Amino acid sequence: MKKIILFFTAMLMLPMSYAAPPFEEGIHYETISNTSSAQPEVLEFFSYFCPSCANFEPIVEGLKKTLPEGVPLKKNHVVFFGQGMGPQMQRAFAVASLLNVEEKITAAIFHKMQQHQYPKSRAEVRDIFAENGIPAEKFDGLIDSIAVTSMVAQFDHNTKKYNVRAAPTFLINEKYVVKLESLRTQEQFNQLIDFLLKQAA
């Protein structure tokens, strides 16, 4: 996966002027359900401990700019990275989401990870929030709250329901999983997401 992401990132700078490529099931995406979500959506399964997820962030930001109005890009933090700290980072993501600082905190945490400054305790995670303007008391007041616990339970439910075992994984309309290894450019990625969002239930 790491080689795929690095190649994908390197290809972002190439000019794309040819027609949109055809997309085929089994090559560019997999169908995992017979039904779609009630409303179109993109769901990314990721982890703060996933280097490929960090490398993919610019591509995700590029995708956001092309999504149709009203189509959300949701994130689901998985727990199978980071060993004992996996659940703590999952809760940290939930806290950041509830405080509407997810983009800021995600960027800060990924930066720490890329510098090999891996949080080793909840206190170190709290420090990252504090360094980015979130008072410790807000963090402490939410980290074990019912709201965060419910979000974490939903993350785990989604991961199990869709049998997600790798990250990043992109699920479209709760029905289609993108095969990232089949893609080579930002534009192709955006086009595939758009194609899948428009598929009938």
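The model shown is predicted, which means the values in this text are computed figures rather than measured ones.
Expressed to the nearest 0.5 Å, how far CD of Gln154 lies from OG1 of Thr149 amounts to 13.5 Å. For the atom pair NZ (Lys138) and CG (Leu99), the distance works out to 6.5 Å, reported to the nearest 0.5 Å. One finds the OG atom of Ser182 at 8.0 Å from the CZ atom of Phe23 (value rounded to the nearest 0.5 Å). Atom OG of residue Ser33 and atom NZ of residue Lys175 lie 7.0 Å apart, to the nearest 0.5 angstrom. For the atom pair CG (Asn132) and NE2 (His111), the distance works out to 10.0 Å, reported to the nearest 0.5 Å. To the nearest 0.5 Å, the span separating CZ on Phe170 from CG on Leu183 amounts to 10.5 Å.
Put simply, the side chain of His157 never gets that close to the backbone of Ala153: no donor and acceptor are under 3.5 Å apart. A distance-only check finds a donor-acceptor pair linking the side chain of Asn173 to the backbone of Glu41 [under 3.5 Å]. Between the side chain of Asn163 and the main chain of Thr159, no donor-acceptor pair closer than 3.5 Å is present. Ser145 contributes a side-chain N or O that, together with a main-chain N or O of Leu142, makes up a donor-acceptor pair within less than 3.5 Å. The main-chain N or O of Ile59 is found under 3.5 Å from a side-chain atom of Gln186 such that the two form a donor-acceptor pair. The backbone N or O of Arg184 sits less than 3.5 Å from a side-chain atom of Gln188, completing a donor-acceptor pair.
The residue from His28, Glu30, Glu24 that alone fulfils the side-chain hydrogen bond (donor to acceptor under 3.5 Å, both in side chains) condition with Lys179 is Glu30.
Here the closest heavy-atom approach between residue Ile105 and residue Ala96 is recorded as CB-CB, 3.9 Å. For the pair Ala167 and Cys53, the tightest heavy-atom approach, listed with the atom from each and the gap, is CB-SG, 3.7 Å. The two residues Met85 and Val125 have their closest heavy-atom pair at CE-CG2, 3.8 Å.
Remark: Glu137 CD is packed, more than 12 non-hydrogen atoms of other residues, nucleotides or ligands lying under 6.0 Å away. Counting non-hydrogen atoms of other residues, nucleotides and ligands closer than 6.0 Å to NZ of Lys75 gives a total above 12.
A heavy-atom distance below 4.5 Å is found between the side chains of Ile193 and Val42. Under the 4.5 Å side-chain criterion, counting only non-hydrogen atoms from C-beta, Val148 is in contact with Val152. Residues Arg122 and Gln88 meet the side-chain proximity criterion, which asks for heavy atoms closer than 4.5 Å. Leu197 has its side chain within reach of Ile172: a pair of non-hydrogen atoms, C-beta onward, lies under 4.5 Å apart. Between Leu98 and Met151, the closest side-chain pair of non-hydrogen atoms falls below 4.5 Å. Two residues are said to be in side-chain contact when any heavy atoms from C-beta on lie closer than 4.5 Å; Thr169 and Tyr162 fail this criterion. When side chains are defined from C-beta on, Leu171 does not count as touching Tyr176, because their heavy atoms never get closer than 4.5 Å.
Ile32 is not connected to Tyr29 by any chain of hydrophobic side-chain contacts under 4.5 Å among Ile, Leu, Val, Met, Phe, Trp and Tyr, and they are in different clusters. Val78 and Leu43 fall within a single hydrophobic cluster, where Ile, Leu, Val, Met, Phe, Trp and Tyr are joined by side-chain heavy atoms under 4.5 Å apart, directly or via other members. One hydrophobic cluster, built from ILVMFWY side chains closer than 4.5 Å, cannot hold both Val177 and Phe195; they sit in different ones.
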Exercise. For Ser121 and Arg126, run side-chain hydrogen bond (donor to acceptor under 3.5 Å, both in side chains): C-alpha distance rounded to whole Å, both residues' side-chain angles, the deciding distance at 0.1 Å, then the answer.
Key: CA-CA 9 Å; Ser121 67; Arg126 184 195 298 115; over 6 Å; no
Practice problem: Kindly determine whether Val101 and Ile134 satisfy side chain to side chain contact (heavy atoms under 4.5 Å, CB included), including the steps that lead there. | Solution: CA-CA 9 Å; Val101 293; Ile134 311 303; 3.8 Å; yes
Quiz item: ring-ring contact (aromatic ring centres under 6.0 Å, His included) between Phe110 and Phe56: does it pass, once the steps are laid out?
Solution: CA-CA 11 Å; Phe110 274 144; Phe56 218 84; over 10 Å; no
Quiz item: Going through the distances and angles, do Thr31 and Glu25 end up as a side chain to side chain contact (heavy atoms under 4.5 Å, CB included)?
Solution: CA-CA 7 Å; Thr31 301; Glu25 183 176 359; 3.0 Å; yes
Practice problem: Check step by step if side chain to side chain contact (heavy atoms under 4.5 Å, CB included) holds for Met89 and Ile109. | Solution: CA-CA 9 Å; Met89 301 312 292; Ile109 291 176; 3.8 Å; yes
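Residue pairs meeting the ring pair (Phe, Tyr, Trp, His ring centres under 6.0 Å) criterion with at least one member in residues 58-97, sequence neighbours excluded: Phe46-His77, Phe46-Phe93, Tyr48-His77, Phe93-Phe155. Evaluation of the ring pair (Phe, Tyr, Trp, His ring centres under 6.0 Å) test over residues 131-152, restricted to residues two or more places apart or in two chains, returns Phe129-Phe139.
Ionic pairing of Lys74 and Glu44 is not present here: no N-O contact between side-chain nitrogen and carboxylate oxygen is shorter than 4.0 angstrom. For Lys160 and Asp156, the salt-bridge test fails: no basic side-chain N is under 4.0 Å from an acidic carboxylate O.
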Just distance, no hydrogens or angles: give the donor-acceptor pairs under 3.5 Å from side chains in residues 62-70, sequence neighbours left out.
{"from": "Lys64", "atom 1": "NZ", "to": "Glu61", "atom 2": "OE2", "distance (Å)": "3.1"}
{"from": "Lys64", "atom 1": "NZ", "to": "Glu103", "atom 2": "OE2", "distance (Å)": "3.4"}
{"from": "Thr66", "atom 1": "OG1", "to": "Leu63", "atom 2": "O", "distance (Å)": "2.9"}

Give the table of side-chain donor-acceptor pairs shorter than 3.5 Å for residues 112-119, with sequence neighbours excluded, one pair per line with atom names and distance.
{"from": "Lys112", "atom 1": "NZ", "to": "Glu131", "atom 2": "OE1", "distance (Å)": "3.3"}
{"from": "His116", "atom 1": "ND1", "to": "Tyr118", "atom 2": "OH", "distance (Å)": "2.9"}

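With sequence neighbours excluded, no residue forms a side chain to side chain donor-acceptor pair (under 3.5 Å) with Gln39. Applying the ring-ring contact (aromatic ring centres under 6.0 Å, His included) rule to Phe49 yields no partners; only residues at least two apart in sequence or on another chain are considered.
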